[in-house]
Participant: 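Take a look at the following structure, please.
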Amino acid sequence: MAGVYIHIPFCKRACAYCDFHFSTNLKHKNALVTAIIKELDLRHTYLSDKNIDSIYFGGGTPSLLSVNELESIFERLSSYFSWNKSTEITLEANPDDITEEALSDWKKTGINRLSIGLQSFNDEELTWFNRAHTAKQSLASVSMAQDKGFDNITIDLIYGSKFQTLSSWEKTLQQAIDLNTQHISAYNLTIENKTALGVNYAKGKEPAVNEDLSSRQFLMLIQHLQRAEFVQYEISNFGKPNFFAKHNSNYWLQKNYLGLGASAHSFNGVSRQWNVKNNALYIKALNHNSTFFEREELLLQDRYNEYVLTRLRTIWGCDVKEIEKLFGKNLRDYFEKKAVNKQHDIKEYKGIFTLTELGKLRADGIAADLFI
Ligand code: SF4
């Protein structure tokens, strides 16, 4: 089944490490929601399947939307698509936006999964990240959501910062496990050029990420979460059984999705397209019926490379029978010949190739070695 992604490109403040598309100027929030609805009117036929199994509000910070704005998007979605109780409807929310009232409103709209951006339980680190919440708010936001009946919650964590030692990371993991959520995503801090962190790093004011330490933190993450009965179904994503994210899994399993909003990407199996990464231009283009996206037709080679890149990161792995079915015998032979030479990084069981623990430390490099 297919999914719909809605990008809400507004944030209260810019986190020091973040290179997603967002604006801290909320003046055009209403106009942007109107433009998203217009895009939906124009592009709902992009998905041939009218039954969807995932709706995902990502950002940016979708928890900044008012309940009226959310309802207007849902209302228009329901005129084009069908979903039911098992459809995963996720809202990314920051702890500082989570209140009793907001949770009740979100429940009423049908949102049944929250992705809460905790990032850390250390106030000093949260300040360094320029997050808008405290550790106390992080902890309180999860229990408030649970008390309101949200029983599908994921939290985000970051490791590899200069504040994390092995023992502080171990403590963070235990705190995360104790929150009793159904899913945890944990990302290695990366220093991106145009972020505040990247600028300070270039000026020599911030140290590089200690790769050796963050590798050890990654291995600790796997061990601790596995012990707590989370399944690592993708390199950075851990879910309790039956709680793997449908939205993300659809992406990794090459299912179709319609992306709405400035900077959102869409995929329909044969082409990929992406909307302009600028709120004002996006709104203007939708208001004037002019072009607001670029499109790329995917060649066989592109589709094979994407398959390898995304599947190798997952528990489902690269299946040689599927490679043959999708891309032909020559590419199956090519893949197998290359993959069997990577015994330390890739393991094989019944024709399905997945990464070893060691391989997970450098997944993208290994995938690139298997590209054509
Ligand atoms: S990390 Fe999230 S809240 Fe922070 S700037 Fe990026 S999108 Fe906004």
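Just so you know, ligand 1 is whichever comes first in the structure, and atom 1 is the first atom listed for that ligand. Predicted model only: the values in this text are computed from it and were never measured. Each residue takes its place number in the sequence, starting with 1.
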Participant: Just jot down the ligand 1 atoms closer than 4.0 angstrom to any heavy atom of G60, in number order.
Facilitator: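 Those of ligand 1 that fall under 4.0 Å from G60 are 7 (S).
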
Participant: I'd like to know if E357 pairs up with K360 as an ion pair, taking the criterion as any Lys NZ or Arg NE/NH1/NH2 lying under 4.0 Å from an Asp or Glu carboxylate oxygen.
Facilitator: yes

Participant: Using the salt bridge (charged side-chain N to carboxylate O under 4.0 Å, His left out) definition, which of the options E296, E294, E306 pairs with R272?
Facilitator: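 Considering E296, E294, E306, a salt bridge (charged side-chain N to carboxylate O under 4.0 Å, His left out) with R272 is found only for E306.
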
Participant: So between H133, R131, Q119, K12, whose heavy atom ends up nearest atom 1 (S) of ligand 1?
Facilitator: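 Shortest heavy-atom distance from atom 1 (S) of ligand 1: R131.
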
Participant: Are Y17 and R131 linked by a side-chain donor-acceptor pair shorter than 3.5 Å?
Facilitator: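 Side-chain D/A pair, Y17 to R131: present.
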
Participant: Check the orientation of Y80 and H44. Use parallel for under 30°, tilted for 30 to 60°, and perpendicular for over 60°.
Facilitator: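 If you compare the ring of Y80 with that of H44, the planes turn out parallel.
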
Participant: Verify the distance test for C18 against atom 6 (Fe) of ligand 1: any N/O/S atom under 2.8 Å, yes or no.
Facilitator: yes

Participant: Near N94, which atoms of ligand 1 are under 4.0 Å from a heavy atom of that residue?
Facilitator: 3 (S)

Participant: Measuring to atom 4 (Fe) of ligand 1, does C11 have an N/O/S atom at a distance below 2.8 Å?
Facilitator: no

Participant: Tell me whether Y17 reaches ligand 1 (any heavy atom closer than 4.0 angstrom to a ligand atom).
Facilitator: yes

Participant: Look at atom 5 (S) of ligand 1 and say which protein heavy atom is nearest, naming residue and atom and giving the distance to 0.1 Å.
Facilitator: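 Atom 5 (S) of ligand 1 sits closest to the protein heavy atom C15 N, 3.4 Å.
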
Participant: Determine whether F335 and F327 satisfy the following criterion, ring-ring contact (aromatic ring centres under 6.0 Å, His included), listing intermediate values before the conclusion.
Facilitator: CA-CA 11 Å; F335 173 86; F327 313 112; 10.0 Å; no

Participant: Would you say the ring centroid of F267 lies under 6.0 angstrom from that of Y5?
Facilitator: no

Participant: Hey, which atoms in ligand 1 end up nearer than 4.0 Å to a heavy atom of T61?
Facilitator: 3 (S), 8 (Fe)

Participant: List every atom of ligand 1 that sits less than 4.0 Å from any heavy atom of R13, numbering the atoms from 1 in the order shown and giving each element.
Facilitator: 5 (S)

Participant: Salt bridge between D319 and R311, side-chain N to carboxylate O under 4.0 Å?
Facilitator: no

